[in-house]
Amino acid sequence: MNLKKIKKNVLTFLGLNVLSFIANILVKTYRIKIVNDAGIKKYAAESKPFIVAFWHGKMIIPWYIHRKYKIAALVSRSKDGEILTRLLKSWNYKVIRGSSHIGGKEALKIMENTISENYSLAITPDGPTGPVNKMKAGAVVLAERKSIPLFLIGTASKKYKELNSWDQFQIPKLFTKISVIYSDPIYVDKEASREEISNLIYECEDKLNNLQKEAETIVRNHA
């Protein structure tokens with residue numbers, strides 16, 4: 001076995017067995033301020049499914065705060081997906097391993113079936129490969145097909161480490177302040193045309209980016 005392969009195997013082992021352990025320690029130190037979550041709490045209290053969507057580069061906190069719900073996540077079959085799967089299972093998620101592209105027919109069918117089992121969904125609509133902060137169709141299409149609300153989530157950390165990755169992935173630092181802000185529930189008309197669906201996807205993208213800016217303003221003023 002050559003040195004390159006040994007290094008790769010070591011990094012994979014660390015990712016599977018150490019990173020999720022570290023993440024579980026980190027999140028317990030965060031001071032999280034949540035804004036406008038009454039809508040999602042109402043649906044959860046009534047055991048009604050919903051969809052939450054947040055950008056890939058900011059996903060640590062949204063994954064964490066929704067662990068208390070009956071919720072599922074579609075995770076790709078990649079090596080990175082193995083690490084995320086380990087973490088999400090520790091947070092009580094139903095993890096579905098499938099296509100790496102939420103817009104694909106296979107992935108959409110898996111998600112529809114999961115909603116039919118009364119699970120909510122957490123989605124990174126620009127994942128898993130970008131472009132960064134550009135919304136793909138999956139979240140809006142699923143909300144339309146299953147007649148359930150979509151909540152968009154902006155989140156910001158006061159102190160964080162940003163990785164040199166396509167999504168500018170952020171890891172909030174120990175004991176940092178964090179803000180989370182939800183959109184009001186977004187409902188998609190079952191009779192909506194393709195053009196209307198397409199326009200709504202762009203509107204949701206703009207809304208999600210605006211929520212990010214609001215979250216950044218909130219965290220700067222987070223006492």
Side-chain angles (χ1 to χ4, degrees), residues 23 26-27 29-44 49-69 71-74 84 87-88 91 93 102-103 120-143 148-163 165-188 199-223:
L26 276 174
V27 293
T29 73
Y30 298 152
R31 290 172 285 172
I32 304 173
K33 180 181 179 66
I34 300 177
V35 178
N36 198 38
D37 61 343
I40 202 166
K41 283 183 174 179
K42 179 177 183 294
Y43 270 85
F50 52 82
I51 298 171
V52 290
F54 41 89
W55 293 136
H56 197 274
K58 313 294 192 301
M59 65 181 175
I60 290 179
I61 298 306
W63 287 129
Y64 177 66
I65 64 174
H66 294 103
R67 73 197 184 286
K68 56 190 174 182
Y69 300 126
I71 195 161
L74 180 70
L84 181 57
L87 179 61
L88 292 181
W91 289 347
Y93 276 78
I102 186 64
S120 297
L121 298 177
I123 294 176
T124 54
D126 58 342
T129 57
V132 65
N133 297 353
K134 299 295 291 184
M135 193 156 188
K136 296 173 185 173
V140 172
V141 170
L142 283 166
I148 62 175
L150 168 63
F151 293 89
L152 306 176
I153 304 170
T155 180
S157 309
K158 199 156 194 175
K159 296 180 181 179
Y160 57 86
K161 169 70 175 176
E162 185 171 290
L163 303 185
S165 57
W166 70 265
D167 59 351
Q168 299 151 16
F169 191 82
Q170 292 183 1
I171 303 173
K173 292 186 177 182
L174 201 68
F175 296 108
T176 194
K177 296 174 182 178
I178 289 168
S179 64
V180 176
I181 181 168
Y182 288 85
S183 71
D184 291 332
I186 297 167
Y187 303 94
V188 187
N199 288 338
L200 182 56
I201 292 167
Y202 286 118
E203 289 173 15
C204 286
E205 180 182 300
D206 287 341
K207 178 65 175 174
L208 191 42
N209 283 323
N210 286 332
L211 285 169
Q212 273 302 127
K213 293 175 184 176
E214 289 184 53
E216 288 162 11
T217 298
I218 291 167
V219 83
R220 284 196 297 268
N221 299 317
H222 188 344

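What you see below is based on every heavy atom in this structure, not just the backbone, and it leaves out hydrogens, waters and symmetry mates. Residue numbers start at 1 and run along the sequence shown. Quick caveat: nothing in here was measured; it's all calculated off a predicted structure.
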K158 atom NZ, over 12 foreign heavy atoms within 6.0 Å: yes
If we only count heavy atoms from C-beta on, is the V180 to I65 side-chain gap below 4.5 Å? yes
Answer yes or no: is there a side-chain heavy-atom contact under 4.5 Å between E205 and K134? yes
Between CD1 on residue I51 and CD1 on residue I148, distance to nearest 0.5 Å: 4.0 Å
For a 4.5 angstrom cut-off between non-hydrogen side-chain atoms, does I186 reach C204? yes
Find the distance between CG (L26) and NZ (K173) and round it off to the nearest 0.5 Å. 11.5 Å
In short, L208 meets A53 closest at the heavy-atom pair CD1-O, 4.0 Å
Are I71 and V52 close enough, and set up right, to give a side-chain contact (heavy atoms from CB on, under 4.5 Å), and what steps lead you there? CA-CA 10 Å; I71 195 161; V52 290; 4.2 Å; yes
Give, for atom CD of E216 and atom CD1 of I181, the distance between the pair rounded to the nearest 0.5 Å. 11.5 Å
Could you grab the distance from atom CE of M135 to atom CG of D126, nearest 0.5 Å is fine? 9.0 Å
Kindly indicate whether the side chain of I218, heavy atoms from C-beta on, has any atom under 4.5 Å from the side chain of K33. yes
Can you tell me how far apart CD1 (I60) and OG (S157) are? Round to the nearest 0.5 Å. 8.0 Å
Dump the intermediate steps for side-chain contact (heavy atoms from CB on, under 4.5 Å) on T217 and E214, then the final yes or no. CA-CA 5 Å; T217 298; E214 289 184 53; 5.7 Å; no
Could you please spell out the steps behind the side-chain contact (heavy atoms from CB on, under 4.5 Å) verdict for L211 and I153? CA-CA 7 Å; L211 285 169; I153 304 170; over 6 Å; no
Let me confirm one number: the CG-CD1 distance from L74 to I123, rounded to the nearest 0.5 Å. 8.0 Å
Heavy-atom count check: over 12 atoms from other residues, nucleotides or ligands less than 6.0 Å from Y202 OH? no
Could you check if a side-chain atom of I171 sits within less than 4.5 angstrom of a side-chain atom of Y160, using non-hydrogen atoms only? no
Selection residues 49-60 - residue pairs positive for side chain to side chain donor-acceptor pair (under 3.5 Å), sequence neighbours left out: W55-N209, H56-D167
What residues form a ring pair (Phe, Tyr, Trp, His ring centres under 6.0 Å) with W63, not counting sequence neighbours? F54, Y93
For Y43, is the OH atom crowded, meaning more than 12 foreign heavy atoms sit under 6.0 Å from it? yes
For the pair V132 and W166, evaluate side-chain contact (heavy atoms from CB on, under 4.5 Å) and give the outcome as yes or no after the intermediate values. CA-CA 7 Å; V132 65; W166 70 265; 4.2 Å; yes
Using the test ring pair (Phe, Tyr, Trp, His ring centres under 6.0 Å), find all partners of Y69 that sit at least two apart in sequence or belong to another chain. F50, H66
